[in-house]
Every structure is written in structure tokens, then in C-alpha cells.
> 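Can you read through this structure? Questions will come right after.
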There are 4 protein chains.
Amino acid sequence: MSKDKILRAAMEVFSENGYHRASMDEIALRAQVAKGTLYYNFPSKSQLFKTMVKEGFEDIMQRTQADLNTPLPIKEQILRIIRHHLDLFLESRHFSHIVFNELSNGIEQDVLEELKELRREHLRFLASILEESKCENFIHPDVDTNLAAASVIGTLESTCNYYLSHPNEYSRDDLERFVFNIITKGMFISIE
Amino acid sequence: MSKDKILRAAMEVFSENGYHRASMDEIALRAQVAKGTLYYNFPSKSQLFKTMVKEGFEDIMQRTQADLNTPLPIKEQILRIIRHHLDLFLESRHFSHIVFNELSNGIEQDVLEELKELRREHLRFLASILEESKCENFIHPDVDTNLAAASVIGTLESTCNYYLSHPNEYSRDDLERFVFNIITKGMFISIE
Amino acid sequence: MSKDKILRAAMEVFSENGYHRASMDEIALRAQVAKGTLYYNFPSKSQLFKTMVKEGFEDIMQRTQADLNTPLPIKEQILRIIRHHLDLFLESRHFSHIVFNELSNGIEQDVLEELKELRREHLRFLASILEESKCENFIHPDVDTNLAAASVIGTLESTCNYYLSHPNEYSRDDLERFVFNIITKGMFISIE
Amino acid sequence: MSKDKILRAAMEVFSENGYHRASMDEIALRAQVAKGTLYYNFPSKSQLFKTMVKEGFEDIMQRTQADLNTPLPIKEQILRIIRHHLDLFLESRHFSHIVFNELSNGIEQDVLEELKELRREHLRFLASILEESKCENFIHPDVDTNLAAASVIGTLESTCNYYLSHPNEYSRDDLERFVFNIITKGMFISIE
DNA sequence: TATGAATGAGTGTTCATTCAT
DNA sequence: AATGAATGAACACTCATTCAT
């Protein structure tokens, strides 16, 4: 079906070029449909973008959720969340970049709000997982889980970026372990 | 002087719209100079952008450095770094966003590399501060200071974003304290 | 069809203004299409120019060739070549001017080479006709036919220019006769 | 003096780039004066161009005239005219190209007419030399000396072009001899 | 006499969008 | 459901020219 071909092509092109440098011509070319077909299926570039982002978010949340359905020790749960997000950030690097960072400006106002809401939803999803851990006394009682969720995402994004722009300095496992440690234990020994 | 007026206007316009939606016309208008004057002072849009970013980086590094020159307890040092970067992220919110995130795609290749190098330099700067702390045994010996620097930036960026899009939920002090705690102690009590 | 309308308009506008002063706006206006349509059909100004020139060259060579297919006395052959090129130079005066003269500088390097090759091809075409005459001993054995072809074109261009800028001094027949004589017999009686 | 430096630089830059692609910035740079100085000495780009062309024409005419002042056999006279013009066409190749060919369009109307007049004057100068030869019965009585002068220029220009774009195929002497022969004897043996 | 910062009209080009088919 | 030719507003950039010093 055209719609799917277009969405796949859009994911590629947006990822490779960012929102603005991605052109509808290129997407049509990559999807092997005529340009008109894009507009037959999606009302505008920004709406196509939004649909694509939405599916991405739903996918990561669903996969994470599925993985947490079976009862697991807390440590394992954290590790799996990290792993899923590292997958996303490393494999669909540019997509995740757009999704997590390029949403503050430069995108049409109408769609921007919806995209931000999607991101907030994702953060709420992560926060709710953390909240559960907090209830079970795994997390410091003074830690705000909303900010913590944001901080997890920020740490993942930023370290992935570093990892990707310094190839050969670390292994993927190093990265995973680092993020796990920094999130759980912080970096300092004790400074009080 | 025109050059300064232009840089100030550029900062505004790039911040409000992101690199691509910022137009040279708008910058000229905002700087109250003719369009040609932009090109008299800067050879291209991307070079203007680069100059602006460069000055921003130099400023934050210089101010941070100045503040760390006097001997301070480690806790205070960390707090000050956080404060300076919170200042940057909250006051020049969009600028910092561009600087720390929008550099992955969509900007002319030639300038992109220089910008990334600026960012790397900034991370090295932070990493060197952390490395010092590590030498004095304040930081866990297995923590990589490069990744840690990246993670600090990611945490700051992401939590600032959250803070800014959820007004009235937290105070600035909450934010500062949260970031300090999460960086130093992590979020978990003990899960081993 | 748009493509043809554009080529016709381009011919007009390039002829009247020369390559550089011809603007894509003017061409679009003259062709009664939107500016975008120019770029839908031709990738750039220089490529549009090249296409136009190419068609012109092909036309003159084809028409000349067609006329020489039937066996004719050498004198008649020469006259017909002259006539065809006078037609071109007098009727599409500016076009031929561009084609034969404006190709030395000021045109984008990439297209310039192709245009020069077209001109060389046309000269080879004329030279091959002359070469045949030479083989039949109509032409002085020491005359280089390549240079001779170039010289024929130069003479035609230059005398046409003179003719056009001195209206009423000569008839078209005068011109034709003059060129024929000067090419075949030269201007001097005998000076050795 | 500035004026001379500018004229020399203008000659270089116009020759290398053609009228339109030559920029006042480049000329100022090459002349090592500030841009304002160009406008202090010449009212506009086109006037600067005109002045330069005028000097060029005067120079070639003067040098040719000087050479013909002493009594010489007709053959030698012709050879010298050819030589002087070959010098001009081969050494200041682009300048002469502009002067002899690029004057039909693309240059500001106001100056264009004056430039054409300069060219006509030069042709009259050559024609007058030929006319003299004609009076002495060296030239066919039915040859119009005005057209002949134009034809000489056209032949020179065109063969020089060919010569320059086919390096190593001919020597300068070949060229000189060819032009002399074609002008004096034409290319055909006898076709009546 | 000379400067050079500033100008702004003009240029080629891009691209999301439309619509007749 | 799908097409692709056509659009036109918007864009980065150029450059001859001006003018206060």
C-alpha cells in the first residue's frame, strides 16, 4: 500500500536530512510513487512528519512495555529500558534526534504542539515506570520521577551522540554500563 | 557597530526559528541594517551562524573557567558549573538548544564540522574539570569523564526543557538541586 | 507544450540581452509560464541556454546537409552554404552572435565546454565539406580546411555585423556576392 | 597615479572574465585601491570599460599607423597589419574578443553606442588602408573595402580562436601565413 | 584625492502545494 | 487511487553604486 511505502521512505529521508532539508520530491522518489500521491495520502509535509513520529513513539513505548510485562528484578528492568532506547538512538539515530531535540523550533506551529504532546506522553510513560520503582523504595524519595525521566532521556541522547562521534573509543556495552551506572549511582563517591 | 548589531539580531532570530527557518531578511530587519550589510560582514548564513555559536561557546567556557579559578570545595564547584549552564540553557534557551542539539544534520557540511568541533571542545573542557575531581578521588574510578561530561550536558538540556514546558511545577532551585543530586548520587538507593 | 514555449522565449530573451543580462524572470514572463516551470523543465539557466544553442546548431547543420545531399557543382555548393549561414546570421542575428562569439568567457565553466564542443563540431562539419572540395582539387593544396572553415565563419559573422549596422548601404545580394568572392578568390589581384 | 593602475587592472579583469563577470571589487583589489577610488576616477563600470576600450583601439591603430608610415611593398604592409592584429588577438585575447564581438548586446545602452562607434572607426581606418591599395590596383576593383576590412577582422578573430582552442596543431607562423593567403588569394583555385 | 562601510534592487534557485486528468 | 506538470512565494546571495569621513 502507498501509505506504508511513503512512511518508510519518509523515515529514511527525514532521518538522513532533518526536517527542513528533507524534500517531498526525495520522499516520493524513495517511495517510488508520484509526488501527488504524497498529498493524496497526507495533507502536508508536517502532517506526514507527525504521523511518522507518532508511529515511532508508539513503537518504542509498546516494545518497552511488552518487555516489562513479565516480572523482573528492578535492575533488569532498568537495563532493558536503557537497551531499548539505546537501540532507538543508535539505529534510528537521526530520527530519534529529530524527535527528542528538533521539536523546539523550526517546525510548523500547528504540528509542533502535537509533537510536543507526544514527547510528553513518552516521558510520562517513563516517569510512571520510575514511579513504580520509587513506590517499592528503590529510588531516593526526594527524586522527582518526571525530571528523572527527562534526565534519563537527556543522558541517553547525549552519550549516544558522544559515542557516535567518537567511534572506536567505546563499545556498545561500555555505553550501556556507563548509562546504567550514572543513572543509578551518579558519578560522585560522596561529597557531603 | 554593524557587526555586533547583526550578531545580536542573529542570536535572536536563530533562537526563535532554528537555523533553517531563520532568514537573512529577518536578521537584517531585526538588526536594522540592509541585507547587503549582512554579507558585507559575514560571507554566508552558515558562517554567520558559526560565528555566533563560537562566541556563545567561548563565553560560557570563559565564565565557567573564571568562576573556578579560586579554590573551592568540590561540591561548590559542581554547583557553579550547573548554575552557569542552567543560566545559559534557561536564558538563551533556544540558542543553547541549537548549539547542543541542532548540529547533527541540516547544516552545511563545511560549517557543520567546525561547529561539532566547538562542541567537542566544550565537552573536553567539562571533562577536564571532572578529570581533576576524579584524580582527587571524588569521582567513582570506573566513571569515564568524557561520557560523564556528555551526560551532564544531556541531563541539563533535557531537564531544562521539561522545566520550561511545565511552568509553575518547579522552582529554579528545585531544578538546580535535582540536577546536582542526580549527577552526584544518581537516582537509585542501591540495587545491587 | 511548456518546454517549447520556454525555448522560444529563451531564444528571444537571450538574443536581445546576451546571456548575462537575460533573466529567468523575463524568460518566464515571455513564455507565459511561472518561473518554477522553467526549473521544472530545465535544471538551470546555463542548461537552458545550452539546450537552446544545441538545437540551433543541429538545425543549421541539418539544413545545410540536406541541401548538399543532391549533387551540385562546387560553386553552387559554396553559395548554398553561404546562403544558409547568412540566413542564420541575419535572421537570428543575436542568436548566432551568442553562439559564435559569446562563448569565450562569462558562461559557467561546466556548460561552456559543451558549448565549445558544439561549435567545434559545427566547424568540423564545415571543414569536412571543404575537405571534399580540396580532394577534388578545387581548393589550393596548401589551404588548411580547419582554419578555412573558421575563417569562413569569421568572415560571415563580421560582414553580417557590418551589413546590419550600415543599413541601406548594401543589398543582401551584395553581401552574398562579396562573401563568395572574398572566400573563393581573396581580395588581391596578385602581389607576388 | 590611481587612474592608470585602475585601467591596467580593469584590462586584466575584463579580459579574464568578460564584461559582466568582471566585478568592481576585483578590479579595485587588483589595482590595490579602495573601491571608492574607482568611482572617484570613473563615473561607472561601463564608463571605465569604455575608457579602457578606447585606449586599446587607439593603441592598435596608432601602432599600425606608425608601422605603415615608412614606404613598404604592399605585401609587407598587409603582413604587418596582420601581425599587429594577431598580436592583439593572441596576447590580449579576451580583450579583443570583447571589443570585437561582445559589443552587440549585454552592455549598457548609453556606452554601447560609443563603443560601436569606436569599432566603426577602427574599421574605417583599416578600410582606408585597403582603399589606398585599391587605388594602386592591388585589389580587385569589385571588392568593397569596407566589407573587406570587416572580413579581415572576422577572419583574424575566428582563426585566432581556432588556433587558441587547438593548441599544438599550428604554429603562430602557420596562422600568419594562412591568414595572409586566405585574405589575398582566397581558398579556391578557380571555379569559374 | 581617497576611503570602505553600507546599501538595496536584482538574480538564480528551491520546494511545498495544487489540480486537471 | 494515483499522477506529474505547473505554480509562486520565499530564499540566499551578488554587486554597482553612494556617501560620510
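Proteins come first, then strands; the chains are lettered A, B, ... in the order of their sequence lines, and each starts at number 1. We use all heavy atoms of the structure for the numbers below, so side chains are in, but hydrogens, waters and symmetry mates are not.
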> Check this for me: does any side-chain nitrogen of one of C:E12 and C:R8 sit under 4.0 Å from a carboxylate oxygen of the other?
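Not counted as a salt bridge, because no side-chain N and carboxylate O are separated by less than 4.0 Å.
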
> Counting just side-chain N and O atoms, does D:Y39 come under 4.0 Å of either OP1 or OP2 of F:dT17?
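True: D:Y39 side-chain N/O within range (under 4.0 Å) of F:dT17 OP1/OP2.
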
> Measure from CG on D:D25 to P on F:dT17 and round the result to the nearest Å.
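So the CG-P distance, D:D25 to F:dT17, works out to 12 Å.
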
> Would you kindly give the CD-to-P distance between C:Q32 and F:dA6, to the nearest whole Å?
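Those two atoms, CD and P, are 14 Å apart.
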
> Heavy atoms from C-beta onward define the side chain here; which of F:dT17, E:dA2, F:dG8 lies closest to that of C:A34?
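From the listed options, F:dG8 comes nearest.
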
> What is the distance, rounded to the nearest whole Å, between atom NE2 of B:H20 and atom P of E:dA16?
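Atom-to-atom, B:H20 to E:dA16, this comes out as 12 Å.
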
> Rounding to a whole Å, what distance do you find between B:E26:CD and F:dA12:C1'?
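Distance check: B:E26 CD to F:dA12 C1' gives 15 Å.
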
> Does D:Q32, at its CD atom, have more than 12 non-hydrogen atoms belonging to other residues, nucleotides or ligands within less than 6.0 Å?
no

> Could you state the CZ-P distance from D:F42 to E:dT1, rounded to the nearest angstrom?
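Result: 13 Å.
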
> Show me, range against range, the stems involving DNA chain F, built from at least 3 consecutive Watson-Crick or G-U pairs below 3.5 Å.
E:2-21 with F:2-21

> Counting any heavy atom closer than 4.0 Å, what does B:A22 reach on the DNA or RNA strands: base, sugar-phosphate only, or nothing?
sugar-phosphate

> Nearest-Å distance, CZ (D:R21) to P (F:dC15)?
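Nearest whole value for this atom pair: 9 Å.
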
> For DNA chain F, whose closest nucleotide is more 5', that of C:G36 or that of B:M24?
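Per heavy-atom nearest nucleotide, the more 5' residue is C:G36.
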
> Got a donor-acceptor pair under 3.5 Å from the side chain of D:K35 to the base of E:dT3?
no

> Between F:dT17, F:dT3, E:dG8, which nucleotide gets closest to the side-chain atoms of D:S44?
F:dT17

> Is there side-chain contact between A:N17 and A:V13, with at least one heavy-atom pair below 4.5 Å?
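Yes, their side chains come closer than 4.5 Å.
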
> At a heavy-atom distance below 4.0 Å, what parts of residues 1-12 of chain A sit against DNA chain E?
none

> Using whole Å, report how far CG of B:N41 lies from C1' of E:dG8.
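From B:N41 CG to E:dG8 C1': 16 Å.
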
> Should the pair C:R30-C:E16 be classified as a salt bridge under the 4.0 Å nitrogen-to-oxygen rule?
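Looking at C:E16 together with C:R30, the answer is yes, because their closest N to O distance falls below 4.0 Å.
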
> Mind checking the OH-OG spacing from A:Y19 to A:S46? Nearest 0.5 Å is all I need.
4.5 Å

> Between D:E121 and D:K116, is there a salt bridge with N-O shorter than 4.0 Å?
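Looking at D:E121 together with D:K116, the answer is no, because their closest N to O distance does not fall below 4.0 Å.
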
> CG of D:L29 versus C1' of F:dC15: gap in Å, rounded?
15 Å

> For residues C:F57 and C:K54, determine if any side-chain heavy atom of one lies less than 4.5 Å from a side-chain heavy atom of the other.
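C:F57 vs C:K54: side chains apart.
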
> Considering every strand and a 4.0 Å limit on heavy-atom distances, what is the contact class for D:T37: base, sugar-phosphate, or nothing?
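Base, at least one base heavy atom under 4.0 Å.
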
> With a cut-off of under 6.0 Å to the ring centre and 45° to the axis, is B:K45 in cation-pi contact with B:F14?
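No.
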
> Is any side-chain heavy atom of C:L48 closer than 4.5 Å to a side-chain heavy atom of C:I27?
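SC-SC contact between C:L48 and C:I27 confirmed.
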
